[in-house]
Undergrad: 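One structure, pasted below without further comment.
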2 protein chains.
Amino acid sequence: MNTFSEILKRNSLSITDGRIKILELFYASDGALAHADIEKNAGLVLDRVTVYRTLQTFVEKGIIHQVPTTDNSVLYALCRQNCANGHHHDNHVHFVCNQCQETVCLDDVTVPAVKLPAGFKPIQSAMIVTGLCNNCK
Amino acid sequence: MNTFSEILKRNSLSITDGRIKILELFYASDGALAHADIEKNAGLVLDRVTVYRTLQTFVEKGIIHQVPTTDNSVLYALCRQNCANGHHHDNHVHFVCNQCQETVCLDDVTVPAVKLPAGFKPIQSAMIVTGLCNNCK
DNA sequence: TAAATATTTGCAACAATATTGCAAAAAATA
DNA sequence: TATTTTTTGCAATATTGTTGCAAATATTTA
Ligand SMILES: [Mn+2]
Ligand SMILES: [Mn+2]
Ligand SMILES: [Zn+2]
Ligand SMILES: [Zn+2]
């Protein structure tokens with residue numbers, strides 16, 4: 001039993017070709033993936049709808065998280081911390097490269113606190129930095 | 001000639017009922033507006049397509065800016081700084097209230113700088129804070 | 001291992017959101 | 001006011017995401 005099967009098993013998910021294929025794609029990628037990226041790479045094996053459902057399941061299980069974007073696209077990336085079952089701990093900064101268009105999780109960079117006007121109570125913060133990544137600079 | 005007409009004139013845009021109506025909606029609203037909000041309030045006067053085109057035009061002219069969101073919805077808000085023709089200066093924090101669901105621009109709260117890993121060159125930053133707003137706390 | 005059960009998948013239909021071309025209408029200019 | 005330019009509405013089309021359901025596959029039980 002390979003790593004991907006183990007991940008599925010650990011999360012009480014049935015081991016299927018589609019799920020393994022999608023896990024492979026995430027582990028092979030440096031950056032975040034859009035639904036379209038996955039469909040393009042696994043489209044011969046998987047139906048559109050299955051991709052949607054798999055991504056949803058993986059988010060629920062804490063295997064991947066939705067990446068915030070400024071262009072209202074939907075991106076997903078692996079959870080490196082041990083997130084589980086609806087409890088995500090991804091308070092890290094996300095970086096979008098203007099050159100290669102990749103979006104990467106800066107897992108070690110925590111979103112800084114910020115002083116809000118009186119009366120505002122912060123609960124969660126997200127931060128997206130755009131610029132040039134370490135490959136493109 | 002009223003304020004809204006002047007705004008349009010200043011931006012070399014024809015003065016039309018639709019554009020004035022949409023400006024009115026933005027100036028009457030505390031928070032950011034979605035396309036659907038505008039359509040709901042101006043739908044009798046305006047076609048869906050005209051709303052899309054007007055929002056796009058206003059963004060290009062620097063009258064409004066797209067508000068970053070974490071739920072891949074598209075929101076727009078007035079530019080308070082003097083943004084113009086593709087040059088936006090909206091490096092302020094955006095706040096989403098979990099209670100009333102409003103998204104507001106915290107125009108006076110600047111997105112803090114953050115230390116990135118070696119090789120990453122930041123150009124622009126966006127920050128979205130969720131929590132309870134000053135009306136709902 | 002084979003049968004029974006539970007889960008996942010693909011397909012088709014549908015819904016919501018957004019874009020485009022083009023002729024009619026309205027606004028700006030002469 | 002006549003001419004020119006810009007904007008608008010409509011219809012058609014594209015893109016993205018959701019749902020119900022039967023067939024296929026995976027897991028569990030015996
Ligand atoms: Mn991330
Ligand atoms: Mn804003
Ligand atoms: Zn890059
Ligand atoms: Zn509120």
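We use all heavy atoms of the structure for the numbers below, so side chains are in, but hydrogens, waters and symmetry mates are not. Chain A is the first sequence line, chain B the second, and so forth, proteins listed ahead of strands; every chain is numbered from 1. Nothing here was measured: the structure is a model prediction, and the numbers come from that model.
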Undergrad: When the distance from NZ of K21(A) to P of dT25(D) is rounded to whole Å, what number comes out?
TA: 19 Å
Undergrad: Can you work out whether V51(B) or V74(A) has the more 5'-proximal nearest nucleotide on DNA chain D?
TA: V51(B)
Undergrad: Which whole-number value in Å describes the distance from Q56(A) CD to dT8(C) P?
TA: 12 Å
Undergrad: Working to the nearest 0.5 angstrom, can you tell me the gap between C79(A) SG and I64(A) CD1?
TA: 7.5 Å
Undergrad: Would you call the rings of H65(A) and H92(A) parallel, tilted or perpendicular, where under 30° means parallel and over 60° means perpendicular?
TA: perpendicular
Undergrad: What distance do I20(A) atom CD1 and L25(A) atom CG have between them, rounded to the nearest 0.5 Å?
TA: 12.0 Å
Undergrad: Toward the 5' end of DNA chain D, which comes first, N72(B) or T57(B), by nearest nucleotide?
TA: T57(B)
Undergrad: Rounding to a whole Å, what distance do you find between D17(B):CG and dA25(C):C1'?
TA: 12 Å
Undergrad: Take T54(A) and V49(A), find for each the nucleotide of DNA chain C with the closest heavy atom, and name the residue whose nucleotide sits nearer the 5' end.
TA: T54(A)
Undergrad: CZ of F58(B) versus P of dT7(D): gap in Å, rounded?
TA: 11 Å
Undergrad: Can you tell me how far CG of L23(B) sits from CG of L78(B), rounded to the nearest 0.5 angstrom?
TA: 7.5 Å
Undergrad: Using heavy-atom distances to pick each residue's nearest nucleotide on DNA chain C, tell me which of L13(A) and L13(B) is more 5'.
TA: L13(A)
Undergrad: Return the NZ to OG distance between K61(B) and S12(B), rounded to the nearest 0.5 Å.
TA: 4.5 Å
Undergrad: Strictly below 4.0 Å: does R19(B) bring a side-chain N or O up to OP1 or OP2 of dT7(D)?
TA: yes
Undergrad: Take the protein atom CD of E39(B) and the nucleotide atom P of dC10(D), then report the distance between them rounded to whole Å.
TA: 12 Å
Undergrad: Please report the distance, rounded to the nearest Å, between CG in D47(A) and C1' in dT19(D).
TA: 13 Å
Undergrad: Expressed as a whole number of angstroms, how long is the span from L8(B):CG to dT6(D):P?
TA: 15 Å
Undergrad: From the options dT8(D), dG17(D), dG10(C), select the nucleotide whose nearest atom is closest to the side chain of Y52(A).
TA: dG17(D)
Undergrad: The side chain of S14(A) is closest to which nucleotide in this list: dT8(C), dG10(C), dG17(D)?
TA: dT8(C)
Undergrad: Between atom CD1 in I15(B) and atom P in dT7(D), what is the gap in whole Å?
TA: 11 Å
Undergrad: Look at the side chain of R53(B) and decide which nucleotide, out of dT9(C), dT17(C), dG21(C), has an atom nearest to it.
TA: dG21(C)
Undergrad: Establish, with yes or no, whether the OP1 or OP2 oxygen of dT8(C) is under 4.0 angstrom from a side-chain nitrogen or oxygen of T16(A).
TA: no
Undergrad: I'd like to know if R48(B) reaches the base of dG9(D) with its side chain, counting only an N/O donor and acceptor under 3.5 Å.
TA: no
